[in-house]
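Worksheet: the structure to be examined is printed underneath.
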Amino acid sequence: NLLVNADGSGYGLFPPQASILKAEWDSLSVLNKGALFVNSYEQVLENSEQLRPGEYFELLLWTIEREESELLLNTMLRQVTSMYWSFLTLEQRSASAKALESLLWQEAASSERAASSRKVFLETFSDIAITPAGIGRLHDVWSGDTSISGLEFSNKELTDMAAILAIKMPDEALEIIRAQEASIENPDDKRRFAYLKAALSPDESTRDAFFNSLSNEKMRETEPWVIDALSYLHHPLRLDSAKKYILPSLLLLEDIQRTGDIFFPARWTAANLEPHRSSEAARVVRQFLNDRPGYNKQLRLKILQAADNLFRSEAIL
């Protein structure tokens, strides 16, 4: 087989050759594989009839069991997460959830993997778990009821697990939040978690009040906290309730640019737009831009960049 852009140095959209990954797996270099994964992913984003999201997702699952390069695994697992949340239909996601969770858990527990690779598998498992069994396993790791041989977790990692669990287990969210907050000893980490609590709340009105408070410049002083909070508000399992934040977030963007760090407007728009996939969300963004032909050019470009994933998801789905 002739491998197009084999060294990844080319710039452009190359023909889909994902089938080579399976057919030639053992003879491909890490660089060859990386180029194929990048090219294949971009073909999916382009809504190619020759490579559909479900087909590429299945190929990713086949390959992550076999790949040993940590750099390549990081790329592949990011693509798995992106495909899972943004480009599979709800039916495809539900149908694949059990097998994906099982695979990720198996690799996270594998003694044949380096600890750093196993952590990446577990982080992906934490991100994608939606079945009661998968969420229960994550809860047991967080609570200490289940240990994974050779893996230890920092308080930051446990706090991240608790945040995900609060979203995925709304009936137990307040208990999880209280328990995690009580376990944090570092004063700065404690302040950070206290800030994030409202964004993690199972109560929608509490989350709404928190988002509305971001119009106050003082609530945006610690920008990494703001971005973390927005990731929880716009978690893929909360998109229906988070759609209403899109227009206000865009209306705030000029103020964000005026008051924040130079990189904050791009991070703000990405956090508020990238997770979404619905036609309704896409319409809000397009209408905002259409209604403002004279809008700041740089901010317009940042919005279009942040909405790229949303527009592609809408077209594909």
Side-chain angles (χ1 to χ4, degrees), residues 80-94 96-97 100-101 123-132 134-136 138-139 142 159-178 180-181 192-215 219-220 224-252 267-285 306-307 309-314 317:
V80 165
T81 302
S82 175
M83 289 288 131
Y84 188 74
W85 287 122
S86 293
F87 300 106
L88 296 186
T89 64
L90 292 176
E91 293 75 18
Q92 287 174 316
R93 188 194 302 165
S94 298
S96 64
L100 175 57
E101 290 172 13
E123 287 169 8
T124 307
F125 175 86
S126 173
D127 192 335
I128 63 89
I130 57 172
T131 70
I135 296 170
L138 182 63
H139 184 277
W142 167 75
T159 299
D160 290 343
M161 283 187 212
I164 291 297
L165 286 167
I167 293 169
K168 296 184 177 184
M169 303 177 72
D171 292 342
E172 299 179 39
L174 296 180
E175 179 183 340
I176 290 168
I177 291 168
R178 279 194 296 268
Q180 187 59 36
E181 187 171 30
R192 172 182 178 271
F193 196 70
Y195 177 89
L196 295 174
K197 281 195 304 182
L200 293 171
S201 173
D203 179 61
E204 187 174 340
S205 63
T206 300
R207 300 198 302 271
D208 292 349
F210 173 80
F211 179 83
N212 292 336
S213 76
L214 295 177
S215 61
M219 283 293 289
R220 307 193 302 264
W225 293 1
V226 177
I227 300 304
D228 288 342
L230 289 172
S231 75
Y232 299 139
L233 291 176
H234 293 276
H235 187 277
L237 295 177
R238 288 176 163 177
L239 295 184
D240 282 344
S241 67
K243 283 184 293 192
K244 59 178 170 293
Y245 306 142
I246 293 177
L247 179 57
S249 77
L250 296 175
L251 292 169
L252 274 173
R267 298 181 70 201
W268 169 272
T269 50
N272 281 289
L273 300 183
E274 278 186 1
H276 289 269
R277 46 188 263 156
S278 69
S279 295
E280 183 181 349
R283 278 197 300 272
V284 171
V285 178
N309 196 69
L310 163 60
F311 293 156
R312 292 180 187 274
S313 297
E314 178 203 24
L317 296 170

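In this chain, numbering begins with 1 at the start of the sequence shown.
- Within the 3.5 Å criterion, the main-chain N or O of S313 finds no donor-acceptor partner in the side chain of S86.
- Within the 4.5 Å cutoff, the side chain of P202 has heavy atoms near those of the L174 side chain.
- Remark: R283 CZ to I246 CD1 distance equals 11.0 Å, nearest 0.5 Å.
- Side chains of S126 and D160: no donor on one and acceptor on the other come within 3.5 Å.
- No donor-acceptor distance shorter than 3.5 angstrom exists from the side chain of E175 to the backbone of E172, with no hydrogens or angles considered.
- A donor-acceptor distance shorter than 3.5 angstrom exists from the side chain of W268 to the backbone of S249, with no hydrogens or angles considered.
- L88 is listed as a side-chain neighbour of S96, based on a closest heavy-atom distance under 4.5 Å.
- To the nearest 0.5 Å, the span separating NZ on K197 from CZ on R192 amounts to 13.5 Å.
- In this structure the side chain of Y195 never reaches within 4.5 angstrom of the side chain of D228, judged on heavy atoms.
- Using bins of under 30°, 30° to 60° and over 60° for the plane-to-plane angle, the ring pair Y245/F211 lands in the parallel bin.
- For the pair A281 and H276, the tightest heavy-atom approach, listed with the atom from each and the gap, is CB-CB, 3.9 Å.
- A199 and Y232 make their closest contact through O-CB, 4.0 Å (heavy atoms, listed as atom of the first residue, atom of the second, distance).
- Listed for the K168 side chain is no donor-acceptor partner under 3.5 Å among the backbone atoms of I135.
- Using a 4.5 Å heavy-atom threshold, the side chains of R178 and E181 count as separate.
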Does the pair V80 and L100 meet the rule for a side chain to side chain contact (heavy atoms under 4.5 Å, CB included), with working shown? CA-CA 9 Å; V80 165; L100 175 57; 4.1 Å; yes

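- Take D203 and apply the side-chain contact (heavy atoms from CB on, under 4.5 Å) test, not counting sequence neighbours, and it matches S201, S205, T206.
- Closest heavy-atom contact between L233 and A242: O-CB, 3.4 Å.
- The distance from atom CD1 of I130 to atom CG of L237, rounded to the nearest 0.5 Å, is 7.0 Å.
- Residues L273 and L250 form a side-chain contact, since some pair of their non-hydrogen atoms from C-beta on lies under 4.5 Å apart.
- Contact between R220 and L214 at its shortest, heavy atoms only, is NH1-O, 2.7 Å.
- For the pair H139/I176, a side-chain contact is recorded, criterion being any heavy-atom separation below 4.5 Å from C-beta on.
- Contact between P275 and L239 at its shortest, heavy atoms only, is O-CD1, 3.3 Å.
- To the nearest 0.5 Å, atom CG of residue N272 and atom CG of residue L310 are 12.0 Å apart.
- Using a distance-only test at 3.5 Å, with no hydrogens or angles considered, no donor-acceptor pair links the side chain of S94 to the main chain of E91.
- To the nearest 0.5 angstrom, I164 atom CD1 is 11.0 Å from E123 atom CD.
- To the nearest 0.5 Å, atoms CZ (R207) and NE2 (H235) are separated by 11.5 Å.
- Contact detail for W85 and P236: the closest heavy-atom pair is CE3-CB, 3.3 Å.
- Counting heavy atoms from C-beta on, the side chains of R277 and F87 never come closer than 4.5 Å.
- Side chain of E101 to backbone of T131: a donor-acceptor contact under 3.5 angstrom is found.
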